[in-house]
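Below, all heavy atoms of this structure are taken into account, side chains as well, without hydrogens, waters or symmetry copies.
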Amino acid sequence: MARITEECVARIKDSADIVDIVGGCIQLRRAGNSWKACCPFHNEKTPSFHVNPARQTFHCFGCGVGGDAIKFLMMFENLDYPTALRRVADKNGIAVIEEDENPEMQQRRRLRGRIIEANHLAADYFHRQLCRNREADHVREYLKQREFNIEVAKAWLLGWAPPDFRQFRQLAASQHIDTRLLTESYLLQNNSKGSYPVFRDRLMFPIHNVRGEIVGFSGRIMAEGQDPRKYVNTGDTVAFHKGELLFGLYKATSHIARAGMSVVICEGQLDVIACHEKADIRNAVAGLGTAFTDDHAATLRKYAKKAILCYDGDNAGIKASEKTYRRLAAVGMEVAMATLPPGEDPDSLIRTQGAEALRTAIEQSRPYLEVRAEIEQQAAGQDANAKAALVPRMADLTAEVTDPIRRDILIADLAVRLNTGLDDFRDTVNDIIRNRKDAPLNTAQEETEYIDEEYDEVDMASENGATITPPARVAPIRLHPTIRNLVGYAAQSREAQQSLVARIEELQEPINTLSGGIILQRLLEILPEPGNVLSWQNFLDLLPPEQVAALRQMDNTAIELPDADVFMEQACAHAARDAVKARIDTLKTTIRSSNVPQEAVAELFREMNELQRLLNGQ
């Protein structure tokens, strides 16, 4: 009879969210960091059935039954083990691979077990080299400078890979692990001269999966200039898939639950170890140098409902945090951001200001979009183009939030922070959501490798160490309908251009108030010739990408506009009314915000009432 491969079973179990599975069968209620219900397997009136998301287990304190998500399905629906596995696989879109009909799968399962065996042997060997080999003095000194002692090294099984690999070859051979298996484990690689060790004179970090198996390694160079790759990871094997693994997660799962179902996400391994061992922040994890993936987000969603990004405060860190935010928000997680001092990462902050400084930064973390809006506003300063691009960029980030209630709360908060009308900002977000449904982005194209100074990791599989960064997603500026009409007239009619230029003073309020006004201003400065394709393209070349994207469907074919001056006078009057309406909307949004001091509310009301009288013609 066909049998599901062990590798496939592991993938199915890793994909199973016990709260989701049990909650789909019985009604659960939150109880602190776990969930509870009346046990479905015996009669009771007081709930004694508990589901622990950190451990991914259930247990009834009344009748004593317990187990994982697969065991629950077997008991609840009276299924055998393979059928329960297939049920979870179907739910999570995992292809079930059986091995009796495919001898290669049997061999793959056995190979995975042998690779893990080789990795455990290597991890123990590397650790002993770090602790005992005099040639590792420089590694121990490096750890000492970073304030990591021998107890930390033991707790995380840190090691050192010596340049000479012969001793480990002999050790492996004594355990019946040959050169072929070491190559399959990515501990050795081959070239024209024979085999050579992948890790040479590197500080070694064993990489565990959530079950505690050592599936691969990450190694940091010790001598500057010996290799352009500061970090090297194990390449893809049947046991190691970098895009699915998070460093430290196997240690953090229970602490995530104790921390209110929140996880701290750092950029590198030493930051994670520093959080755990120096600051007692034991719910910290990190990726392995690459951009955060959908698989990372799906894994964390099983254990946490909130993520706190603890990234470097430089530009590279901000870019990396955005990629992580998008994926976490897409799976329904709440995302916050800890603000670190410029130039500091978690480990350096502990060393310079103490563990309490890092704990305070994490405790005072704020919603990601709130922090990001502040950063963007400071960067924009008084630059008109940058300020105009800020609204669609923040709308694009807000559109990632899947929960409509939470998204609407964020929209209201950001509308105040960005000093824009609530309805206008909400429409911008909704436009982006609709456009994504109509033309979903290819996530494979969007994916990028994140590399920073501390963690410029390049896979061994890369021949030249190069990474390709595709263009970032561009969020088009939303054109207010009135602005779109004015831009359209000016793009197609020289008479409309002249009439609008003559009324430029009265257009300043609509330009400054209505979304997309900056584009109208630039068009009236450049005055591209209607009907001239080259002139229009030259105009577009002068605009930032988000403004070009907003004009993608704009037609500049020349037209005759009868009574252009009268027509444009009416259009400008309509724009002025819309600008007043938009300002009133912004004032209403600001007044409703809890961030406005009480003494300022009366003044805002006075301004709103004056604008309303103006709108009514009083």
Side-chain angles (χ1 to χ4, degrees), residues 126-127 130-131 138-160 202-208 217-222 230-231 233 245-256 258-259 262-289 292 296 300 304 307-314 316-317 320-321 324 336-365 450-457:
F126 293 145
H127 181 63
L130 174 65
C131 295
H138 62 303
V139 188
R140 290 189 289 269
E141 180 60 27
Y142 171 78
L143 291 173
K144 181 179 179 181
Q145 291 175 357
R146 299 290 293 261
E147 299 180 3
F148 295 108
N149 58 30
I150 188 64
E151 296 305 321
V152 172
K154 289 180 179 179
W156 292 82
L157 204 62
L158 301 183
W160 175 62
R202 288 181 179 270
L203 172 62
M204 300 298 289
F205 300 87
I207 308 300
H208 298 75
F217 294 92
S218 185
R220 186 195 190 282
I221 60 169
M222 285 290 97
K230 185 172 287 187
Y231 280 80
N233 285 331
L245 294 163
L246 288 156
F247 182 77
L249 182 59
Y250 84 106
K251 284 179 174 284
T253 51
S254 61
H255 298 282
I256 289 172
R258 293 172 194 158
S262 70
V263 60
V264 174
I265 302 178
C266 303
E267 293 185 71
Q269 290 100 311
L270 288 176
D271 286 334
V272 171
I273 296 175
C275 283
H276 280 250
E277 304 299 336
K278 296 180 182 179
D280 198 30
I281 301 169
R282 299 186 180 274
N283 57 328
V285 303
L288 297 177
F292 206 80
H296 286 144
L300 281 182
I308 301 171
L309 306 186
C310 201
Y311 284 13
D312 296 359
D314 57 14
S321 74
T324 304
M337 190 168 184
T339 303
L340 303 185
E344 300 282 12
D345 57 38
D347 182 39
S348 67
L349 181 60
I350 293 172
R351 283 184 279 125
T352 57
Q353 299 186 30
E356 188 59 34
L358 179 61
R359 286 193 290 267
T360 298
I362 291 174
E363 289 169 2
Q364 295 178 352
S365 63
Y450 167 59
I451 301 175
D452 72 2
E453 289 184 6
E454 174 62 22
Y455 202 102
D456 54 351
E457 175 271 343

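Asn233 contributes a side-chain N or O that, together with a main-chain N or O of Leu288, makes up a donor-acceptor pair within less than 3.5 Å. Side-chain atoms of Asp347 never come within 3.5 Å of backbone atoms of Asp271 as a donor-acceptor pair (strictly under, hydrogens ignored). A donor-acceptor pair under 3.5 Å is absent between the side-chain atoms of Arg359 and the main chain of Ile281, judged by distance alone. Arg202 places a side-chain N or O within 3.5 Å of a backbone atom of Lys230 that can act as its donor or acceptor partner. His296 contributes a side-chain N or O that, together with a main-chain N or O of Leu245, makes up a donor-acceptor pair within less than 3.5 Å. Under a 3.5 Å cut-off, the side chain of Glu267 and the backbone N or O of Asp312 do form a donor-acceptor pair.
With values rounded to the nearest 0.5 angstrom, Glu356 atom CD is found 11.0 Å from Ile350 atom CD1. In this structure, CE on Met222 lies 7.0 Å from CG on Leu143, to the nearest 0.5 angstrom. Residue Thr339 holds its OG1 atom at 10.5 Å from CG of Leu309, rounded to the nearest 0.5 Å. To the nearest 0.5 Å, atoms CZ (Arg351) and NZ (Lys278) are separated by 5.5 Å. Atom CZ of Phe205 is separated from atom CG of Leu157 by 12.0 Å, given to the nearest 0.5 angstrom. A distance of 9.5 Å separates CD1 in Ile207 from OH in Tyr250, rounded to the nearest 0.5 Å.
Residues Ile265 and Val285 are in side-chain contact: their nearest non-hydrogen atoms beyond the backbone lie under 4.5 Å apart. Looking at Leu358 and Leu340, their side chains come closer than 4.5 Å, going by heavy atoms from C-beta outward. Annotation: side chain of Phe148 is not in contact with side chain of Trp156 (no heavy-atom distance under 4.5 Å). Inter-residue side-chain proximity for Leu249 and Ile256 is flagged as met; some heavy-atom pair is nearer than 4.5 Å. Counting heavy atoms from C-beta on, the side chains of Phe247 and Leu270 never come closer than 4.5 Å.
Scanning all heavy atoms of the two residues, the minimum distance from Lys154 to His127 falls at CA-CE1, 3.6 Å. Between Ala259 and Ser262, the closest heavy-atom pair is O-OG, 2.8 Å. Here the closest non-hydrogen pair linking Cys275 and Cys266 is SG-SG, 3.8 Å. Closest non-hydrogen pair, Met204 versus Trp160, comes out as CG-C, 4.2 Å. Closest heavy-atom contact between Ala286 and Gly268: CB-O, 3.8 Å. The minimum heavy-atom distance between Gln269 and Ser218, with the atom names listed, is NE2-OG, 2.8 Å.
Among His138, Arg146, Gln145, the one residue that satisfies the side chain to side chain donor-acceptor pair (under 3.5 Å) test with Tyr142 is Arg146.
Partners of Glu344 under the salt bridge (charged side-chain N to carboxylate O under 4.0 Å, His left out) rule, at least two apart in sequence or in another chain, do not exist in this structure. For Asn283, the side-chain hydrogen bond (donor to acceptor under 3.5 Å, both in side chains) test picks out no residue, with sequence neighbours left out. Partners of Glu141 under the salt bridge (charged side-chain N to carboxylate O under 4.0 Å, His left out) rule, at least two apart in sequence or in another chain, do not exist in this structure. Looking at residues two or more places apart in sequence or on another chain, you find no salt bridge (charged side-chain N to carboxylate O under 4.0 Å, His left out) involving Lys251. Gln353 is linked by a side-chain hydrogen bond (donor to acceptor under 3.5 Å, both in side chains) to nothing, counting only residues two or more places apart in sequence or in another chain. With sequence neighbours left out, Arg140 forms a salt bridge (charged side-chain N to carboxylate O under 4.0 Å, His left out) with Asp137.
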